[in-house]
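Letters A, B, ... mirror the listed sequences (proteins, then strands); counts begin at 1. Everything quoted here is computed from the prediction, not taken from an experiment.
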Amino acid sequence: QEFLDAFQARIDDEQKIEPNDTMPSAYRKTLIRQISQHAHSEIVGMLPEGNWVTRAPTLRRKAALLAKIQDEGGHGMYLYSACETLGVSREELIDDLHSGKAKYSSIFNYPALNWADIGTIGWLVDGAAIMNQIPLCRTSFGPYSRAMIRVCKEESFHQRQGYELLLTMMQGSDEQKEMCQDSINRWWWPALMMFGPSDKESIHSSQNMAWKIKRFSNDELRQRFIDATVPQAHFLGLEVPDPDLKFNEETGHWDFGDINWDEFVNVVRGNGICNKQRMKDRVAAHENGAWVREAALAYAAKRAAPQAAAEAAE
Amino acid sequence: QEFLDAFQARIDDEQKIEPNDTMPSAYRKTLIRQISQHAHSEIVGMLPEGNWVTRAPTLRRKAALLAKIQDEGGHGMYLYSACETLGVSREELIDDLHSGKAKYSSIFNYPALNWADIGTIGWLVDGAAIMNQIPLCRTSFGPYSRAMIRVCKEESFHQRQGYELLLTMMQGSDEQKEMCQDSINRWWWPALMMFGPSDKESIHSSQNMAWKIKRFSNDELRQRFIDATVPQAHFLGLEVPDPDLKFNEETGHWDFGDINWDEFVNVVRGNGICNKQRMKDRVAAHENGAWVREAALAYAAKRAAPQAAAEAAE
Amino acid sequence: MSDALFKYLVRLADDTVILSHRLGEWCGHASHIEEDVAMTNISLDLIGQARNLYSYAAEVEGKGRDEDQLAYLRNEREFTNLILVEQPNGDFGKTMARQLLYSAFMLPFWEAMMASKDKQLAAIAAKAEKEVTYHLRHAAEWTIRLGDGTPESHRRMQEGIDELWMYTGELFVKDEVEERLIEAGIAIDPESLRGAWERTIEEVLTRATLKRPEDGWMHVGGRNGVHTEHLGHALSDFQYLQRAYPDCTW
Amino acid sequence: MSDALFKYLVRLADDTVILSHRLGEWCGHASHIEEDVAMTNISLDLIGQARNLYSYAAEVEGKGRDEDQLAYLRNEREFTNLILVEQPNGDFGKTMARQLLYSAFMLPFWEAMMASKDKQLAAIAAKAEKEVTYHLRHAAEWTIRLGDGTPESHRRMQEGIDELWMYTGELFVKDEVEERLIEAGIAIDPESLRGAWERTIEEVLTRATLKRPEDGWMHVGGRNGVHTEHLGHALSDFQYLQRAYPDCTW
């Protein structure tokens with residue numbers, strides 16, 4: 001208990017915990033769970049966007065989309081590395097993803113069905129992610145905090161890019177405008193669900209708050225996101241698909257309708273439109289690439305052997 | 001020799017040779033080679049057209065193309081069966097195709113690059129095939145002759161359909177007309193090569209003529225094809241890509257330029273644009289389907305076993 | 001009512017045109033020629049059904065569109081086919097599974113439709129019913145052969161059924177479009193076909209020594225144009241020429 | 001001369017845009033994330049080159065077209081890329097083989113182009129040269145790793161090289177378009193790069209324990225728009241949106 005108190009004191013003092021520091025095993029476990037889930041989300045998140053790389057309508061947009069996906073791959077690598085500092089291998093993490101033991105953000109179980117979705121994913125999905133992640137830039141675990149600083153910077157760029165994409169389309173033809181409206185209709189509620197269950201239901205929150213792994217509650221962040229996003233939607237000329245949405249003069253916040261938590265639970269359970277497809281794609285990539293990884297290992301071993309022999313001979 | 005003379009006498013008398021008749025082994029061998037080559041051509045010929053099934057521009061054309069390809073598959077099955085009456089299994093024939101031992105018509109090593117090619121393949125390629133095959137309806141080997149009667153009838157239909165497709169496109173936009181002209185530019189000479197080397201070079205001809213496996217020389221058939229086809233091209237409004245093409249008032253035939261036999265030999269040797277791709281596709285279909293064929297055999301064996309046991313018990 | 005009928009016809013047409021497209025992708029790549037011919041044949045039947053349905057839909061709509069404009073010039077979100085039929089071919093087992101699950105529904109569907117008060121739909125049904133009888137028999141025979149063939153074919157066939165099962169719930173979904181037509185004696189209540197579908201599937205799977213997957217969550221959306229990501233790629237191939245060279249006669 | 005320069009620029013741009021497209025098809029499907037990132041990165045470099053080349057071509061043409069009109073609104077027969085770059089990805093070994101065979105040519109190509117009398121081309125070359133240095137190193141390293149890895153990777157890598165070899169002859173083809181530009185000191189004579197290409201390939205294959213295929217018949221045609229059947233399908237995906245929604249700003 002003394003150790004736990006001392007640990008808590010360090011955290012309360014806003015000191016960063018570093019990989020070689022001793023830490024409570026629950027803290028370590030929570031971090032591994034959360035960081036790896038975040039890493040998996042980056043990797044799975046490449047798929048819905050990858051689905052549009054071959055169909056991007058201009059070279060400039062195609063380049064921007066490729067750059068965004070590249071950033072996401074980079075985030076994935078960065079976050080897996082942060083996880084590895086906690087003593088778990090990337091291979092284990094990926095096995096957990098493929099076995100269904102580890103989760104990734106449910107948002108990527110929705111399909112990207114038209115080009116406006118690429119804008120909406122940047123604007124709403126990255127937007128919600130940033131809202132979740134900005135507090136994590138000050139999270140107590142050093143490598144995670146540093147990773148988040150970089151990730152947030154790049155995702156802000158993606159968010160602006162997504163917004164600009166929609167702005168361009170909303171100034172275009174009727175068909176383009178329809179695509180945008182269709183897109184927000186499909187992504188709005190799933191984006192709100194990205195903040196997780198409402199505070200009444202959330203199981204991990206209080207300990208995580210104390211450890212400063214989490215710094216704001218799900219509902220606080222969700223409200224913040226809505227307050228920031230609704231005016232942007234209106235500026236774009238989009239209707240937010242929530243008949244109960246209304247600005248509350250008293251609180252200064254946007255009141256919104258009930259979230260369909262049944263859908264949320266259903267998707268988390270694996271019954272989203274694309275859950276099976278996403279995992280099938282990831283597992284297929286992993287299995288089809290097994291021979292490549294084996295070859296790389298075999299080659300490295302061959303190179304290492306003569307070198308080791310040479311060193312031994314010295 | 002007595003046998004050979006008697007056999008020749010039957011042929012001279014226009015009697016049909018049937019599978020159970022005794023026949024010279026060279027006759028049998030020649031027939032197997034020729035019929036299987038023809039069967040292989042039908043099967044490989046499905047590939048360039050199959051390449052356009054998913055992109056046919058109207059439902060009517062898509063249906064017509066599917067029907068044509070279906071006919072070709074039917075011809076292949078029919079011809080393999082005719083071959084099997086000569087004592088060789090389909091599996092052996094297909095192995096010979098895949099190993100490169102057996103040939104197929106070189107025309108299918110040219111790519112189908114635009115939609116007009118689908119018309120041109122019907123008009124020129126099926127047209128040339130029919131010109132080759134009509135005499136074979138009276139060929140000495142009964143099953144082959146009967147197969148040819150059916151095949152020619154269906155191919156005449158394909159030829160008319162191809163011509164009609166081009167006619168429609170030639171009444172269309174400038175781009176459509178360009179596609180048609182581009183198409184005849186690429187297919188004209190390969191179509192002429194379908195009649196095989198000129199008579200001076202052809203090695204199999206004279207014995208095959210005597211056996212009535214062949215009834216006209218390569219050059220005769222080629223001239224006949226050109227005489228029939230050039231006016232059709234002109235009616236369509238297409239230019240035939242041969243600067244030496246000229247109607248000869250004296251002979252009543254169209255004189256034409258020199259054929260590039262180097263190209264012919266090169267493609268026969270396996271160096272056509274699509275030789276490798278066609279064989280790769282066929283071999284892949286065969287290998288990927290191995291588990292299906294094995295399952296069908298295993299299932300049939302299971303069904304046969306109890307039946308045999310039941311019969312034995314009677 | 002004519003608006004509902006238009007939507008209903010387009011749904012059915014979209015099912016057939018997309019499934020036909022998928023089968024057409026097999027062209028020249030089947031395990032043996034007999035199957036190349038069989039799948040081409042089924043694809044051809046389905047295109048024929050699509051043409052009849054689109055043409056009738058265009059007539060009902062009365063805006064001067066034709067079958068090709070309906071098939072080639074609507075976008076992904078306007079396509080209202082079942083998600084089941086847009087699923088990629090996978091291996092031959094999965095293709096047969098898709099065909100079985102669909103045809104086992106469509107056979108009793110067209111049988112019932114032959115008694116529709118809409119004479120044109122009844123006539124389309126009479127032709128389709130004969131065709132689908134063959135499609136179902138063909139798919140059922142292969143399901144049994146592969147299910148009860150080798151261990152590998154058993155595994156693949158089971159996988160095909162398992163992967164597609166979650167798309168079968170949509171066969172039985174109805175909305176207000178259909179309800180009005182059902183009341184009018186024009187459309188068929190899908191619920192009334194559930195028994196027949198279940199029996200066919202049970203019987204085939206049993207003979208195939210395959211396990212019927214458990215009914216879990218069912219994936220719907222196609223009837224409202226919310227598809228899987230596969231449809232868009234199919235449409236870009238399917239519609240390319242019409243899109244690249246607009247207003248041409250082919 | 002400006003007509004020749006336009007054609008020359010479009011050829012180079014088509015190479016980069018098509019190869020970039022092929023690499024983009026890998027997105028999210030590579031063997032490990034590092035490779036997803038690497039291939040995306042190369043794809044991105046190539047798109048950048050394509051944009052520079054198309055924009056300059058449009059400027060030279062002077063008909064008011066832009067990079068997107070050149071990339072998205074020409075048909076298959078107007079594309080003049082090397083047949084090599086349109087070949088399907090196959091497995092990772094084949095993708096690396098394609099990249100090696102192309103980049104080993106493009107590195108000395110851009111190096112030489114930096115001295116072009118055409119200042120804009122020289123500037124494009126200066127940027128591209130740095131990028132291709134990395135592309136070549138990446139492809140060479142993987143060729144060596146896979147060639148000298150396991151028996152399976154050796155077999156696959158050899159197959160990739162063997163399958164693509166017949167498309168390498170086209171790297172060295174020149175026609176009157178290029179000859180005039182070479183004389184003018186604007187374009188590079190591909191023949192002058194053969195030595196460097198051969199040396200790179202020899203060295204990489206040797207270190208990879210792979211066999212250099214025999215030079216047999218070489219497949220050409222891309223520079224005149226006669227392609228393999230693969231390009232059309234790539235274009236229908238690539239151009240679909242521009243074709244389906246003409247005259248839009250995206």
Verify whether one side chain among [X] and [Y] offers a donor that lies under 3.5 Å from an acceptor in the other.
X	Y	value
C:Glu131	C:Trp110	no
C:Glu25	B:Thr54	no
C:Asp14	C:Tyr54	yes

Contact part of [X] toward chain B, heavy-atom cut-off under 4.5 Å: side chain, backbone, both or neither?
X	result
C:Arg156	side chain
C:Trp142	side chain
C:Ala30	backbone
C:Glu34	both
C:Tyr245	side chain
C:Phe92	both

Would you mind telling me which of [options] has the largest number of heavy-atom pairs within less than 4.5 Å of chain C?
options	value
B:Arg55, B:Met169, B:Arg293, B:Gln176	B:Gln176
B:Asp281, B:Ile69, B:Leu59, B:Leu66	B:Leu59
B:Ala295, B:Ala298, B:Gly289, B:Gly50	B:Ala295
B:Arg60, B:Glu49, B:Met46	B:Arg60
B:Gly76, B:Gly172, B:Ala67	B:Ala67

Got B:Val292 and C:His32 here, is their nearest side-chain heavy-atom distance under 4.5 Å?
-> yes

Measure the shortest side-chain to side-chain distance between B:Phe235 and B:Tyr163 over non-hydrogen atoms and say whether it is less than 4.5 angstrom.
-> yes

Can you tell me which of [options] forms the most heavy-atom pairs within a distance under 4.5 Å of chain B?
options	result
C:Ala38, C:Gly24, C:Ala234, C:Cys248	C:Cys248
C:Leu44, C:Leu46, C:Asp247, C:Asp36	C:Leu44
C:Asp237, C:Ile47, C:Val17	C:Asp237
C:Glu152, C:His21, C:Gln242	C:His21

With a 4.0 Å cut-off, would you call [X] and [Y] a salt bridge?
X	Y	answer
B:Arg61	B:Glu164	yes
C:Glu35	C:Arg145	no
B:Glu154	B:Arg150	yes
C:Asp45	C:Lys130	no

Quick check on [X] against chain C: is it the side chain, the backbone, both or neither that has a heavy atom closer than 4.5 Å?
X	value
B:Ile43	side chain
B:Arg303	side chain
B:Met170	neither
B:Glu175	side chain

Identify the two heavy atoms, one from [X] and one from [Y], that lie closest to each other, and give their separation to 0.1 Å.
X	Y	value
C:Ile33	B:Gly73	CG2-O, 3.6 Å
C:Phe6	C:Arg65	CZ-NH2, 3.7 Å
B:Phe108	B:Cys274	O-CB, 4.4 Å

